[in-house]
Structures are given as structure tokens and as C-alpha cells.
Amino acid sequence: MADDKQTQKAGDNSQQFQANTIILNQGIDEKRAREIYIESFEIAKRDLTQEAIACATERVQQLEECFMSRIKPIEGAINSFSDPAFQVLLTNAQRTAVATERENDYGMLAELLVCHIEKGNKRKTRAGISKAVEIIDKIDDDALCALTVLHAIEQFRPIAPTSKQGLNTLSSIFDKIIYMPLPTDNSWIEHLEILDTIRINSMGHFLSLEEFYSKVLEGYTLAGIRKDSDKYKQATDLLLSINLTPSLLVNNDYLPNYVKLPIISKSQITDLKIVRNDTVAGKVLKIEKEITDDEKKVLESIFDLYDKDTNINKQSLDAFMNEYHKHDSLSRIAEWWEELKKLSFSFDLTHVGIVLAHTNARRCDKTLPELPLNL
């Protein structure tokens with residue numbers, strides 16, 4: 001019979017370590033994650049009768065496939081299954097999945113679970129995600145679509161250098177986001193308010209689209225600088241003073257005698273990056289660098305040279321809106337917006353509404369960015 005006693009000898013002042021079995025916890029794999037998913041469902045289905053179990057199981061399985069396929073490309077995401085906060089949210093998501101027959105809701109719930117993984121370290125965001133998970137089965141299709149469109153209008157900005165390119169970008173996004181007719185009666189507004197996704201402002205009103213875009217996309221809507229003017233000479237000299245080529249100025253898509261900076265607004269200048277050609281080891285490389293304070297001041301000075309003539313800027317804005325209406329999805333927004341302008345009040349999206357709308361937008365268009373970091 002073999003002796004199973006283990007002894008160790010060590011010199012004076014040394015430390016002794018003994019191990020019969022070494023267990024290395026290297027994180028959760030997909031097999032264990034799916035086991036945890038099933039364990040979580042055992043909690044979620046406790047309040048269900050036997051008659052409801054089969055249907056509930058089928059719906060929760062649809063959520064499982066949506067979610068597992070969604071997190072596979074995300075490095076380290078599967079380890080979230082060991083997080084107690086995530087497990088609580090997962091159980092609540094399964095409860096909501098059980099209660100909804102809408103297939104799109106499973107994709108929405110999957111996106112919200114991913115959002116928790118990526119942004120759940122902030123309590124405000126976590127609270128918004130948790131509340132959004134609770135109400136997905138309660139929000140009407142058209143109200144959710146309207147909420148998403150409102151969020152997209154307010155938050156999504158193109159980065160294309162010219163107006164027509166920017167409108168093409170916006171159109172491609174809204175083609176996906178407007179997946180059904182937008183509601184025209186006011187019941188959807190009351191519905192969203194009940195669900196705490198919007199906040200009514202009884203003293204406010206909606207701006208016209210012209211007013212709105214002249215503020216947030218002024219770089220597209222303003223006329224710019226006339227080519228044969230003294231201000232144009234000033235602008236090109238300013239660019240040369242910081243070693244930037246005058247070709248940086250782009251033509252106004254609607255007024256051929258005017259040029260402007262390739263930006264959507266003056267405020268965007270602060271966040272610009274300048275790409276320059278640098279020679280490295282005998283090779284010419286394009287190097288992207290943060291804009292310097294001197295470059296920022298020069299570009300802002302050029303923006304301030306834009307023509308102040310009211311009539312010419314109105315002509316440029318009208319041409320912009322005319323181009324806007326040429327895109328089907330954007331034209332539908334303009335028509336719908338006319339109804340919003342008739343309201344005797346305005347409203348803003350709440351934290352929950354933003355989380356829900358952004359998640360739905362990403363469900364429609366996977367190329368959209370994640371929930372903003374500052375949310």
C-alpha cells in the first residue's frame with residue numbers, strides 16, 4: 001500500500017508551500033456561460049405555470065442565440081457571466097423575453113446586455129439599461145421607431161467634408177432606422193411619457209428643421225467665403241502661415257463661387273486632427289496629429305471670415321434643405337417634423353429613452369458607434 005503522507009523539508013527561515021491539487025481559474029468559456037444562462041433562466045421561470053414553460057423556453061432560447069452571437073467578437077465579454085450585477089440583469093432580460101412575442105425585442109435585449117458589458121461601469125448608464133430592459137416588451141413599435149429617429153436627429157452627425165456627402169451619410173442611416181411609418185397622432189408621445197422615456201417641457205417648442213440644421217450643421221448650411229474676395233486671400237494666407245495648403249478649402253456644393261472649411265460646425269475645430277506628410281526612414285508617410293492651439297486659432301479665424309450677408313446665407317440654407325428633401329428618408333423626417341412643430345410643447349429624451357433609442361439604432365445599423373462615453 002502506497003504511503004499517501006506528504007512531507008516537506010526546508011531550511012531555516014524558509015517558507016513551505018504544499019499543494020495536493022492545483023486549480024487554475026482561467027475565466028469562463030462559452031460552455032460554462034451557456035450553463036450560467038440556463039441557471040439564470042431557472043430563476044426567471046419560477047413564477048411561471050407549467051403551461052407557460054414551453055413557450056417561455058423557446059423565447060429565452062432566441063434571446064440566448066442573439067446574445068451569444070453578439071458577444072463572440074468582443075474580447076473578454078464572456079467573463080461578464082461571473083459578474084453578479086450582470087447575472088441580475090440577465091435574469092431580468094430573460095423575464096422580459098418571456099413576456100414578449102416580438103422577435104426584434106430579443107435583439108434589443110441582446111444589445112442592452114452588451115451595452116451593460118461595455119458601459120455598465122457607470123451607475124447612471126447602468127440604471128438606464130436596467131430600466132430599458134424592463135420596458136422593452138411594453139413599448140409600441142411605432143413609438144420606439146419615433147424615439148429612435150428623434151435621438152438620431154439630435155445626436156448623429158456626419159463627418160463628411162461636403163454637404164452633399166454628409167446628407168448621403170445621414171440618408172443611409174435613416175434608411176435603416178425608419179423601418180416603419182412614423183406615428184402622426186399624439187398618443188405615442190403620451191405612451192413614451194408613461195414609460196419615462198421622454199420628459200415634457202410645457203413651455204418649449206420644436207425648432208423648424210431649417211433652424212435646427214443652421215445651428216448644428218452650420219458648416220454645411222453657411223455660404224462660406226467668396227473666391228474673388230479679399231477675405232479669400234486672407235484665408236489662403238492664414239492656411240499657408242501654418243503650413244496648410246489652400247486646397248483645404250472645399251467648394252460650396254450649392255454656390256460654386258464660394259469655398260469653406262471641410263467641417264460641419266465651428267465647434268468641431270477643437271476636435272480636428274491634422275494629417276501631414278512626414279518623411280520617416282526615407283519614406284513619406286501620412287501622420288495624423290492632434291490640432292495645435294495655433295492651428296485651432298487660424299481655422300477659427302478663417303471660419304469667422306465667412307460671408308455675413310443674410311441673403312446669400314439664406315440662399316445656401318435653402319439649397320441645403322432642397323438637397324435634404326431629395327433623399328426619401330430625410331424627406332419623410334421633414335414631413336413628420338412639421339407635425340411636431342404644431343405641438344404646444346416640446347420634450348426631451350430621458351436617460352432611459354436615450355439608452356433605449358441608441359440601442360435600437362445599433363440594432364438597425366451595426367456600424368453606428370457605441371453609447372456615448374459621457375452618458
Side-chain angles (χ1 to χ4, degrees), residues 33-71 74 77-78 80-81 83-120 123-148 151 179-180 188 191-198 349-364 366 370-371 375:
R34 290 185 181 272
E35 290 172 350
I36 292 173
Y37 187 91
I38 294 172
E39 292 169 16
S40 179
F41 181 45
E42 291 300 318
I43 299 172
K45 71 179 183 182
R46 285 175 183 172
D47 296 332
L48 301 176
T49 65
Q50 190 62 39
E51 292 81 0
I53 295 297
C55 179
T57 300
E58 181 181 345
R59 291 173 178 178
V60 169
Q61 285 175 346
Q62 289 187 65
L63 171 59
E64 178 182 6
E65 292 312 310
C66 284
F67 178 57
M68 294 304 292
S69 63
R70 181 69 180 80
I71 65 171
I74 304 175
I78 206 162
S80 297
F81 277 86
D83 175 21
F86 175 77
Q87 290 188 6
V88 170
L89 184 67
L90 176 61
T91 301
N92 289 336
Q94 290 172 331
R95 288 193 176 104
T96 300
V98 164
T100 182
E101 74 288 351
R102 240 177 357 201
E103 290 192 9
N104 285 343
D105 287 352
Y106 309 130
M108 281 284 292
L109 289 167
E111 285 294 331
L112 285 168
L113 290 170
V114 169
C115 190
H116 174 91
I117 293 172
E118 296 175 334
K119 306 291 182 181
R123 287 182 177 269
K124 289 181 180 178
T125 304
R126 191 188 306 176
I129 294 169
S130 297
K131 179 66 175 179
V133 164
E134 292 176 12
I135 65 173
I136 280 181
D137 63 315
K138 301 174 181 65
I139 189 168
D140 281 344
D141 287 320
D142 61 351
L144 177 59
C145 185
L147 187 74
T148 305
H151 171 68
Y179 49 84
M180 65 181 302
W188 66 277
H191 176 63
L192 290 177
E193 185 183 22
I194 290 171
L195 294 174
D196 294 326
T197 56
I198 62 171
L349 273 65
T350 64
H351 200 87
V352 176
I354 292 172
V355 170
L356 197 57
H358 198 90
T359 301
N360 191 41
R362 287 199 77 195
R363 180 189 65 80
C364 298
K366 296 295 189 296
E370 299 172 2
L371 201 65
L375 188 65

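- What you find for C66 and G107 is that their closest heavy atoms are SG-N, 4.2 Å.
- Here the CD1 atom belonging to I78 is positioned 4.5 Å from the CE atom belonging to M68, to the nearest 0.5 angstrom.
- For the atom pair CD1 of I129 and CD of E111, the computed distance is 11.0 Å after rounding to the nearest 0.5 Å.
- One finds the CD atom of E64 at 9.5 Å from the CG atom of L90 (value rounded to the nearest 0.5 Å).
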Give the intermediate values and the outcome of side chain to side chain contact (heavy atoms under 4.5 Å, CB included) for residues I74 and E118.
-> CA-CA 9 Å; I74 304 175; E118 296 175 334; 3.7 Å; yes
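- Residues Y106 and L63 approach most closely at O-CD1, 3.5 Å, considering heavy atoms.
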Take F81 and I71 through the side chain to side chain contact (heavy atoms under 4.5 Å, CB included) test and state the conclusion after the steps.
-> CA-CA 11 Å; F81 277 86; I71 65 171; 4.0 Å; yes
For F67 and L109, run side chain to side chain contact (heavy atoms under 4.5 Å, CB included): C-alpha distance rounded to whole Å, both residues' side-chain angles, the deciding distance at 0.1 Å, then the answer.
-> CA-CA 8 Å; F67 178 57; L109 289 167; over 6 Å; no
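- The line from CG of D140 to CG of L192 is 8.5 Å long, rounded to the nearest 0.5 Å.
- The minimum heavy-atom distance linking L195 with K131 is given by the pair O-CE, 4.3 Å.
- Applying the salt bridge (Lys or Arg N to Asp or Glu O under 4.0 Å) test to K45 and every residue at least two apart in sequence or in another chain returns E42.
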Solution key, residues 94-101 side-chain donor-acceptor pairs under 3.5 Å, sequence neighbours excluded:
unit_1 : atom_1 : unit_2 : atom_2 : d
Q94    : OE1    : S40    : OG     : 2.9
Q94    : OE1    : F41    : N      : 3.1
Q94    : NE2    : Y37    : O      : 3.1
R95    : NH1    : N92    : OD1    : 3.0
T96    : OG1    : N92    : O      : 3.2
T96    : OG1    : V133   : O      : 2.8
T100   : OG1    : R102   : N      : 3.2
T100   : OG1    : D105   : OD2    : 2.5

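- Here the CG atom belonging to L356 is positioned 7.0 Å from the OG1 atom belonging to T148, to the nearest 0.5 angstrom.
- Shown here for H191 and A143, the closest heavy-atom pair between the two residues is CD2-CB, 3.6 Å.
- Among R362, R363, H358, the one residue that satisfies the side-chain hydrogen bond (donor to acceptor under 3.5 Å, both in side chains) test with N360 is R363.
- The distance from the CD1 atom of I354 to the CG atom of L147 is 9.0 Å, given to the nearest 0.5 Å.
- The closest donor-acceptor contact from the side chain of T359 to the backbone of L112 lies at 3.5 Å or more, if one exists at all.
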Working for side chain to side chain contact (heavy atoms under 4.5 Å, CB included), residues T197 and I135 | CA-CA 10 Å; T197 56; I135 65 173; 3.7 Å; yes
I'd like a table of donor-acceptor pairs (distance under 3.5 Å, sequence neighbours excluded) in which one partner is a side-chain atom from residues 48-57, with atom names and distances.
unit_1 : atom_1 : unit_2 : atom_2 : d
T49    : OG1    : E51    : OE1    : 3.1
T57    : OG1    : I53    : O      : 2.7

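- Side-chain contact between W188 and I198 is absent, with no heavy-atom pair separated by less than 4.5 Å.
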